Amino acid sequence: MDPARRPHPLSLSEIRALEKQGLDQGLPLMSRAGQCAAGLALRYCQPCHDVWLLVGPGNNGGDALTAGAHLLNAGLTVTAIMPAEPAAQANDARNALKQWSRIGQSTQTTLPRMDGDNAPKRPDLVIDGLFGIGLNKQLGQPWQTMIDDINESGIPVLSLDIPSGMMADTGQCLGRPVRARWTVAFIAPSYALYDSASREFTGEWDVCTLGLQA
Ligand SMILES: NC(=O)C1=CN([C@@H]2O[C@H](COP(=O)(O)OP(=O)(O)OC[C@H]3O[C@@H](n4cnc5c(N)ncnc54)[C@H](O)[C@@H]3O)[C@@H](O)[C@H]2O)[C@@H](O)CC1
Ligand SMILES: [K+]
């Protein structure tokens with residue numbers, strides 16, 4: 001996103017307040033987020049046939065599944081890797097998972113093997129929907145190993161909202177974050193995206209405002 005057009009960063013509480021406003025108005029924020037992220041994935045990743053979704057336990061994971069459904073519609077092969085069930089309170093993520101099953105898709109708990117002769121074809125893109133602005137403690141397992149494996153693989157990553165493992169307000173790393181090629185922030189960029197030290201994890205970043213006026 002060219003610097004001239006960059007929207008101002010917002011704090012977590014300001015982003016949460018806008019998100020709540022939108023949800024209270026019944027706006028389909030998660031489907032808008034998924035659609036916008038899928039559009040950026042198709043723009044960044046050329047050619048793109050095969051995508052892995054990393055689905056975390058909250059609504060960041062719901063965004064990944066929603067984006068994955070759009071990519072399926074675009075004719076791509078999409079594999080959803082979801083180590084844990086959605087958290088009880090993440091209603092939108094639970095609905096996104098229900099929708100994912102309704103379109104006949106399943107999830108698996110671990111990454112496909114990436115080495116050895118019978119390893120499946122490596123994907124063209126990984127979409128990182130493990131943790132967004134809800135990250136609130138040090139990365140534990142299986143999350144940290146999954147992130148290390150993806151970082152070591154060199155497969156290009158599009159991180160949703162913020163590279164998983166990074167605190168959105170401060171850019172503080174709670175473990176070894178995802179090293180994304182691109183990041184798409186929803187609603188508004190968090191302060192972490194403006195911190196040049198975060199660039200090694202965020203890569204190039206863009207914003208999907210979800211139609212909310214920041
Ligand atoms: N609800 C909606 O419709 C929308 C939600 N949005 C997405 O929702 C995200 C925020 O969702 P959530 O608040 O559910 O949180 P996240 O999905 O960011 O985090 C997932 C859950 O992981 C748990 N967690 C935090 N740190 C952890 C750790 N180190 N190890 C294991 N578990 C950990 C937390 O309890 C949290 O509920 C945003 O980043 C954004 O991607 C946006 O797309 C706007 C629309
Ligand atoms: K993320």
Side-chain angles (χ1 to χ4, degrees), residues 10-38 40-41 52-68 70 81-97 99 125-147 150-151 157-169 171-190 192-193 198 201-203 205-212 214:
L10 292 184
S11 69
L12 275 206
S13 49
E14 288 165 327
I15 291 172
R16 286 277 193 206
L18 276 170
E19 182 184 88
K20 186 171 176 338
Q21 229 175 24
L23 293 173
D24 290 350
Q25 289 163 21
L27 298 180
L29 295 183
M30 187 165 283
S31 85
R32 288 181 183 178
Q35 188 157 15
C36 189
L40 286 174
W52 290 354
L53 308 175
L54 304 185
V55 182
N59 288 328
N60 196 241
D63 286 348
L65 287 171
T66 314
H70 285 289
I81 296 119
M82 183 174 82
E85 285 296 308
Q89 80 280 6
N91 298 327
D92 297 317
R94 303 176 77 74
N95 292 334
L97 182 61
Q99 180 55 23
L125 179 73
V126 168
I127 292 187
D128 160 28
L130 290 179
F131 302 107
I133 58 176
L135 182 79
N136 58 18
K137 58 182 185 269
Q138 194 75 11
L139 286 173
Q141 296 305 355
W143 317 103
Q144 185 62 80
T145 302
M146 183 173 282
I147 289 173
I150 290 295
N151 285 343
V157 178
L158 167 62
S159 276
L160 301 183
D161 223 8
I162 187 101
S164 296
M166 179 174 279
M167 297 287 280
D169 249 357
Q172 184 195 351
C173 298
L174 293 181
R176 294 180 297 279
V178 165
R179 291 177 180 277
R181 182 82 59 83
W182 308 279
T183 295
V184 52
F186 297 123
I187 301 177
S190 52
L193 294 183
S198 310
F201 299 107
T202 64
W205 58 266
D206 215 320
V207 182
C208 290
T209 61
L210 310 185
L212 298 176

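All residue numbers in this chain count up from 1 along the given sequence. Note: hydrogens, waters and symmetry copies are ignored here, and every other heavy atom, side chains too, is used. Ligands are counted one by one from 1 in listed order, and the atoms in each one are counted from 1 as well. Quick caveat: nothing in here was measured; it's all calculated off a predicted structure.
Pairs engaging residues 127-137 under the side-chain hydrogen bond (donor to acceptor under 3.5 Å, both in side chains) rule: D128-S159, D128-S164 [sequence neighbours left out].
Checked against L193 for a side chain to side chain contact (heavy atoms under 4.5 Å, CB included), the options D206, V207, T202 give a single hit: T202.
For residue G132, no N/O/S atom approaches the K ion (ligand 2) to within less than 3.4 Å. Metal site remark for the K ion (ligand 2): D161 contributes no N, O or S atom at a distance under 3.4 Å.
Between the OG atom of S164 and the O atom of F131, the angle centred on the K ion (ligand 2) amounts to 70° when rounded to 10°. For the pair O of I162 and OD1 of N60, the angle at the K ion (ligand 2) is about 140°; rounding is to 10 degrees.
Remark: D161 CG to L135 CG distance equals 11.5 Å, nearest 0.5 Å.
Here the closest heavy-atom approach between residue A192 and residue I162 is recorded as CB-CD1, 3.7 Å.
Checked by atom type and distance alone, the side chain of D63 never pairs as donor or acceptor with a backbone atom of A33 at under 3.5 Å. Looking only at distances, a side-chain donor or acceptor of S31 sits under 3.5 Å from a matching main-chain atom of P28.
Within 4.0 Å of ligand 1, protein heavy atoms belong to R16, E19, L23, L29, M30, A33, P57, G58, N59, N60, D63, Q89, D92, F131, G132, I133, G134, L135, N136, K137, Q138, L139, W143, D161, F186, L210, listed by chain and number.
R179 pairs by the salt bridge (Lys or Arg N to Asp or Glu O under 4.0 Å) definition with E200, not counting sequence neighbours. Under the disulfide bond (SG atoms under 2.5 Å apart) criterion, C36 pairs with C208, sequence neighbours left out.
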